[in-house]
Amino acid sequence: MNRSVRGDVVLLNDGKAALPGRISKAPENFLHPDQIAQVSTSRRGFLHSALTLAAGGAAASASASARAEFLGDPNILELPQHTKGLGRPVAETGYGQPSQFERNLQRRESPGLTRVAAASVSFAPLQGMFGIITPNGLHFERHHQGWWDIDPSKHRLMINGLVKNPLVFNMDDLMRLPAVSRLHFIECGANTGMEWGNVAVPTVQYTHGMLSCCEFTGVLLSTLLDMAGFDKKSSKYILAEGADGSSLTRTIAMDRALDDCMVAYAMNGEMLRPENGYPLRMVAPGIQGVSWVKWLRRIEVGDQPYGTKDEVIHYIDLMPDGRHRQYTSIQECKSVITSPSGGQTLLDKGFYNVTGLAWSGRGKVKRVDVSFDGGRNWETARLESPIQSKSLTRFNIGWVWNGGPAILQSRAIDETGYVQPKINQLRAVRGSRSIYHNNAIQSWKVAASGEVSNVQVY
Ligand SMILES: Nc1nc2c(c(=O)[nH]1)N[C@H]1C(S)=C(S)[C@@H](COP(=O)(O)O)O[C@H]1N2
Ligand SMILES: [Mo]
């Protein structure tokens, strides 16, 4: 490499620092929520509209933000009202809201996916988020049968099955028990599922946005199972059941249940949001999202897997030989560059802080490598702290765009030594008819025009 990186400053061959380039935001950042419905729902139409919007956005930003002549810049010379006048007293609402200028950063339903009644999903806007914590209002949502705001005074959690003392807790009882707080990611098993085929979903919000990471507070499942006196010899599994109409029920192996699963009532310092399972949800670290049962009302201890509909019909992967993989729970090591990413446009040559997220359902992220040439050469990115087990890890790396075409990729390695695969390596084993557990390396192509798009590199 003909350059060196010191902190965030990239020094070129001549020892000068590269001027920072600018990025226009992904197309959905320009859309008003009402407009998204107007985007064509056909796959090709969606892609086309997204690219058209991206191009339009680039043109607009390029003219609006041409480098200001600092000399005579009225933003410096003229004292604005907010410097001269009285500010408002404390915020109007007791619960604060983001700046009005940030209101287009929203979780969104994919215009390319059809909502079937209340079976719905909204994606987190990863391209506009920082660090590793997902703000509660931007946490992705996935509901099989809609969401509810359940009265906590009426909510109960039952522990039954192979236990000496079946128990029923109300929320007050639960919240008096020894509590733990832990940082964990949740990823829907279907995240990045469209990429199994040849569908190029245009933005990182829709390729990877069924992913979030919060500090959860609650009671370890082992605490509850001990209180109920579970039968240590015969009990091998638990079944978690939700209180919504989807009859969502998932088997979790006892060793995992006892290891780090928890029954959580809080996320990021406040009670769970209704759409994320208020007042109680399962937190199953490293395991696919579907097992994080929301509105959790019952845990049954058993001696064999339960084979529920969400385990034998759904959440199975069709293999090339026609058989299905079942009980695939762990989210393997994965990463994605969140900026620059699909739908954004690089407006100038120069320095970019390339940033992204890495995670593993098996422990900590050990290393993230980034390539700017489609995987021929790799450089090691900086990992930001904290690096926690089964949590998101933020990575950053400096890059100078020379104005030519480039392909950006990230490849994560976890503490078990597992290396995130390329899409063709994954397809060689799993075929292309799966929906779930696609943890392949994501490629973003930067065109000479600066437009960034989703491509698959074999
Ligand atoms: N009771 C219940 N729990 C549920 C679901 C549901 O529909 N009902 N959806 C599951 C799925 S498929 C996922 S990916 C996660 C999504 O959690 P979130 O909506 O908090 O992001 O919740 C899981 N738990
Ligand atoms: Mo899911």
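As the structure lists them, so they are numbered: ligands from 1, and atoms in each ligand from 1. Positions are given from 1 along the sequence. Keep in mind that what you see is a predicted model, and the values were worked out from it rather than measured.
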Less than 6.0 Å separating the ring centroids of Trp292 and Phe216?
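Yes, the ring centres sit under 6.0 Å apart.
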Using a strict 4.0 Å cut-off to heavy atoms of [X], name the atoms of ligand 1 that fall inside it.
| X | answer |
| --- | --- |
| Trp292 | 22 (O), 23 (C), 24 (N) |
| Cys188 | 14 (S) |
| His144 | 6 (C), 7 (O), 9 (N), 12 (S) |
| Asn276 | 18 (P), 19 (O), 20 (O), 21 (O) |
| Val293 | 3 (N), 24 (N) |

Select one of side chain, backbone, both or neither to describe which atoms of [X] lie under 4.0 Å from any atom of ligand 1, heavy atoms only.
| X | value |
| --- | --- |
| Ser246 | side chain |
| His139 | side chain |
| Leu248 | side chain |
| Phe140 | both |

Does a side-chain N-to-carboxylate-O contact under 4.0 Å join [X] and [Y]?
| X | Y | answer |
| --- | --- | --- |
| Asp414 | Arg362 | no |
| Lys390 | Asp260 | yes |
| Glu332 | Lys334 | no |

Counting both backbone and side chain atoms, is some N or O of [X] under 3.5 Å from an N or O of ligand 1?
| X | value |
| --- | --- |
| Trp295 | no |
| Tyr315 | no |
| His143 | no |
| Ala243 | no |

If you take the nearest heavy atom of each of Arg142, Glu187, Arg281, which one is closest to atom 20 (O) of ligand 1?
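Looking at heavy atoms only, Arg281 sits closest to atom 20 (O) of ligand 1.
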Nearest non-hydrogen contact with atom 1 (N) of ligand 1 belongs to which option: Val121, Asp310, Leu296, Asp244?
Asp244
So Tyr237 and Tyr306, ring-ring contact (aromatic ring centres under 6.0 Å, His included) or not? Walk me through it.
CA-CA 8 Å; Tyr237 299 92; Tyr306 285 79; 7.7 Å; no
Over 60° means perpendicular and under 30° means parallel, so tell me whether Trp401 and Tyr352 are parallel, tilted or perpendicular.
perpendicular
Angle between ring planes, Tyr206 versus Phe123, binned at 30° and 60°: parallel, tilted or perpendicular?
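Geometry flag for Phe123 against Tyr206: perpendicular rings.
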For residues Glu141 and His143, is any side-chain donor paired with an opposing acceptor at under 3.5 Å?
yes
Would you say the side-chain atoms of Ser335 and Arg411 include a donor-acceptor pair closer than 3.5 Å?
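Side-chain D/A pair, Ser335 to Arg411: absent.
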Is Arg367 positioned over the aromatic face of Phe395, cation under 6.0 angstrom from the ring centre and no more than 45 degrees off axis?
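No, Arg367 and Phe395 do not form such a contact.
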